Structures are given as structure tokens and as C-alpha cells.
There are 2 protein chains.
Amino acid sequence: MAETSAKGESLLFLTDEQLRKGIEAMFFAYRGFTADPDRILETMDYGRAHHRAIHFINRSPGLTVSGLLALLGVTKQSLNRVLRTLFEDGLVEARVGKTDKRERRLHLTEKGAALERALSDAQRARMRAAYRAAGPQAVQGFRTVLEAMMDPEMRRQYLGLREEAQ
Amino acid sequence: MAETSAKGESLLFLTDEQLRKGIEAMFFAYRGFTADPDRILETMDYGRAHHRAIHFINRSPGLTVSGLLALLGVTKQSLNRVLRTLFEDGLVEARVGKTDKRERRLHLTEKGAALERALSDAQRARMRAAYRAAGPQAVQGFRTVLEAMMDPEMRRQYLGLREEAQ
DNA sequence: GAATTTACGTCAGCCTTGTTGACATTCCAA
DNA sequence: TTGGAATGTCAACAAGGCTGACGTAAATTC
């Protein structure tokens, strides 16, 4: 992949110092990345874990619990604690699977969708500003490097998004 | 900034869908980013918080506690718990400041430096593989977008690295 | 039709890492 | 000399990870 650019021209970008800069960039940028939604969440009684669940349920309506578990990479006990509060507060609802009645298909309620919008609007605003400042070429590179940094299994999840909703 | 590229050519990279992909890329990539050091840390009795402290002390020997506090963005009580175990285990040592004797200048011991090397070797290996696969142009874009995504204060910290050691 | 496996929930307990609040010490600087 | 900065520390609490064990209903397999 990335056969395009002059890859062999110079390996200066692979020095330990360059890599360290990249590592710190990830650290600091991730803080910015989560800062805006975190501010919204803390006014309610939610945390980042709730945000992640809401995000993926919104992205793939009808997602099963085990599907969500695989995406988030946590234990079911941990996820359940979060899901329970989302059910109780009426942000998420579970519908029994049509073909397999053991499954619980997760959907956002109107209220849940509203929160999702608030959270992702905030997060997208920052992302949009960063993208705009950096330009399309940089965005392309950004995505390429991030994708290469994922574990293979996560990369599958990331790339195979479209076909795993119901 | 980034006056270089054809910025006005097309704004397709700013669609909500593109932004959502970017958001998920950050999420999944960050998991990969921390996975290797995490594996090493959990064999010892340490966590990610220890890693972060060790990283920044290594980068800026002689860093003060409050300097580290600012970099990490946590409370002193939280940091202190971590620092204490690092002192006890002989990975970090504190030297009283020369000019200001209230300050405790933090340094890695040989043992601490060894752990730092192990952790950053693991993390750099993944970063290097990603960089190599993506190519220098992509790496440039990656860094540009991440930098734009940081909070201004964090960007200062990130860019002003070199001059804050003792 | 019985046995097993799968999907899910739940109880209990533990750990790390974050938080707030309060208080003490030391030392620099005005 | 006095205020404030740099630091440590005690206590208590919360979020959100984890493991282990157990239960139930539905699907699947033998």
C-alpha cells in the first residue's frame, strides 16, 4: 500500500527522534480528540464508555451485544454496567432478534440519538477544523498512518463497517 | 498554515462521513498504539500512568514535578501515587533543585532507563512499521493533522519540548 | 428428544487511575 | 516578614476496567 510516493527517497522520517515525536503527537492529540465530548458527558452522569457505546450503536443500528463487545474490546460485565444505565435512562433500547431470539438488537431512542448528535457534533467540529487546517493531502496521510497502526483485527472492524448492521 | 496543497479543490474530505471515519480511525489506532507497552506493563505491577511518567522523565531529565503535572494533565495526588511506586522500586530518583530547593528534579535510574527502553522500543516498532508502510508523505500529513487536533496549550507543550529540561 | 453450545444477564469482589478537600512543610520573592 | 509557590500526604470517593461463578433461554447438534 501507498506505492504512490517516493518511499525510498529518504529514511530520515524513520529516526527514533521522529518516531518519538509521532508518539507524543498521538498522546497529545488524543487528549484533544476526547476533550469536547468529555466536557458534555461530565455534565450528565456519563463517561467516555457511554460515548463509545452510543457511537457504535448509532453507527450500526441493530448491533448485537456481542457485536458491540467485539468493537469495544471490553468484558461483558463492564459493558453491561454501561448499557444498563443507558436502558434505564431511555437512551438505548433492545429489541429481541427476529431470527435468533437470544440476541438483543440495540437501537438508540430519539433521546439517545439527540445525545449522540450533541457528542459527535462537538467531536466532528474539532476534527473538521483540524482537517481544514491541514488540507486533503494531509488528511489522506493521517488516515493511512492510523490504519497502519491498528491491530489487524481492529483494522478489519474499521474497514468492514458498512456490512455489519442489521 | 498548509498553504501548500490544493485546499480549495474539493471539500469532499470534510463530509460528516469522512469525519466519522477519522474519528473511528483515531479510536482504533489509539488502541493499537498502546497495546504493546500495555502488554509489557501488565507483567510488572505497572499501568499506563507509569509509562507516561517514565516517558516524559526520560525525554526531559531534570523535569520538575509540576512540569510533569502540566504535561500529563492530572492532579498531583494522582501523579504522586504513581511517582511513589517508581521511587520505591528504584526506577526514578528525585534530586533537590540547585537554585530552588523546593523543586524535585526527576531523573530515571539505570533500571528506569532500561524499562523506558523496553517500552519505547515496543511502541516505536509499531510506529516504525506504520510509518514505513505509509511513506514519508503520509507521515507528514499524519503529524500535521494531529497537531491541528491538539488543544492550543497542548500544542505548545508538544512543540516546545526541547527547552524545558534542566 | 436430549445434550451441548451460544447469547446474554448478574452478583461479588478487586485494581488502577482519576477526582476533591484539607493540611503541613519548605523556601523564594516582594 | 509575609504571601504564595512547590511539594507531599491523608482520606474518601467514583468510573471503568478486570476475573470468577452462576443462571436462563434459545439455538444447534448429536
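No experiment lies behind these values; they were computed from the predicted model shown. Chain identifiers are assigned alphabetically (A, B, ...) following the order of the sequence lines, protein sequences preceding nucleic acid strands; residue numbering begins at 1 within each chain.
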Can you classify the ring geometry of [X] versus [Y] as parallel (below 30°), tilted (30 to 60°) or perpendicular (above 60°)?
X     : Y     : value
B:Y46 : B:H50 : tilted
B:F28 : A:F56 : tilted
B:Y30 : A:Y30 : parallel

Has [X] got a side-chain N or O lying under 4.0 Å from the OP1 or OP2 atom of [N]?
X     : N      : result
A:S78 : D:dG16 : no
B:S66 : D:dT7  : yes
A:H50 : D:dG16 : yes
A:R52 : D:dG17 : yes

Quiz question: going by heavy-atom distance under 3.5 Å, is there a donor-acceptor pair between the base of C:dT6 and the side chain of A:R102?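 Yes.
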Taking N and O atoms by type only, does the side chain of A:Q77 place a donor or acceptor under 3.5 Å from a partner on the base of C:dG13? no
For A:G47 and for B:L83, find the nucleotide of DNA chain D with the closest heavy atom, then tell me which residue's nucleotide is more 5'.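 The residue closer to the strand's 5' end, by nearest nucleotide, is B:L83.
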Using heavy-atom distances to pick each residue's nearest nucleotide on DNA chain D, tell me which of A:D100 and A:K76 is more 5'.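 Taking each residue's closest nucleotide, the earlier one in sequence belongs to A:K76.
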In terms of side-chain heavy atoms of B:A49, which of D:dA26, D:dG17, C:dT17 is nearest? C:dT17
Output the single nucleotide from D:dG17, C:dA7, C:dT17 whose closest atom is nearest the side chain of A:E103. C:dA7
Report the distance from atom [atom1] of [X] to atom [atom2] of [N], rounded to the nearest whole Å.
X     : N      : atom1 : atom2 : value
B:R84 : D:dC10 : CZ    : C1'   : 9 Å
B:L79 : D:dT9  : CG    : C1'   : 13 Å
B:L72 : D:dT7  : CG    : P     : 13 Å
A:L68 : D:dG16 : CG    : P     : 14 Å
B:R48 : C:dT17 : CZ    : C1'   : 11 Å
A:Y46 : D:dA14 : OH    : P     : 17 Å
B:E42 : D:dC18 : CD    : P     : 11 Å
A:R31 : C:dT17 : CZ    : C1'   : 14 Å

Please check if atom CD in A:Q77 has more than 12 non-hydrogen atoms from other residues, nucleotides or ligands closer than 6.0 Å. yes
I'd like to know if B:D16 and A:R128 make a salt bridge, using a cut-off of under 4.0 Å between side-chain N and carboxylate O. yes
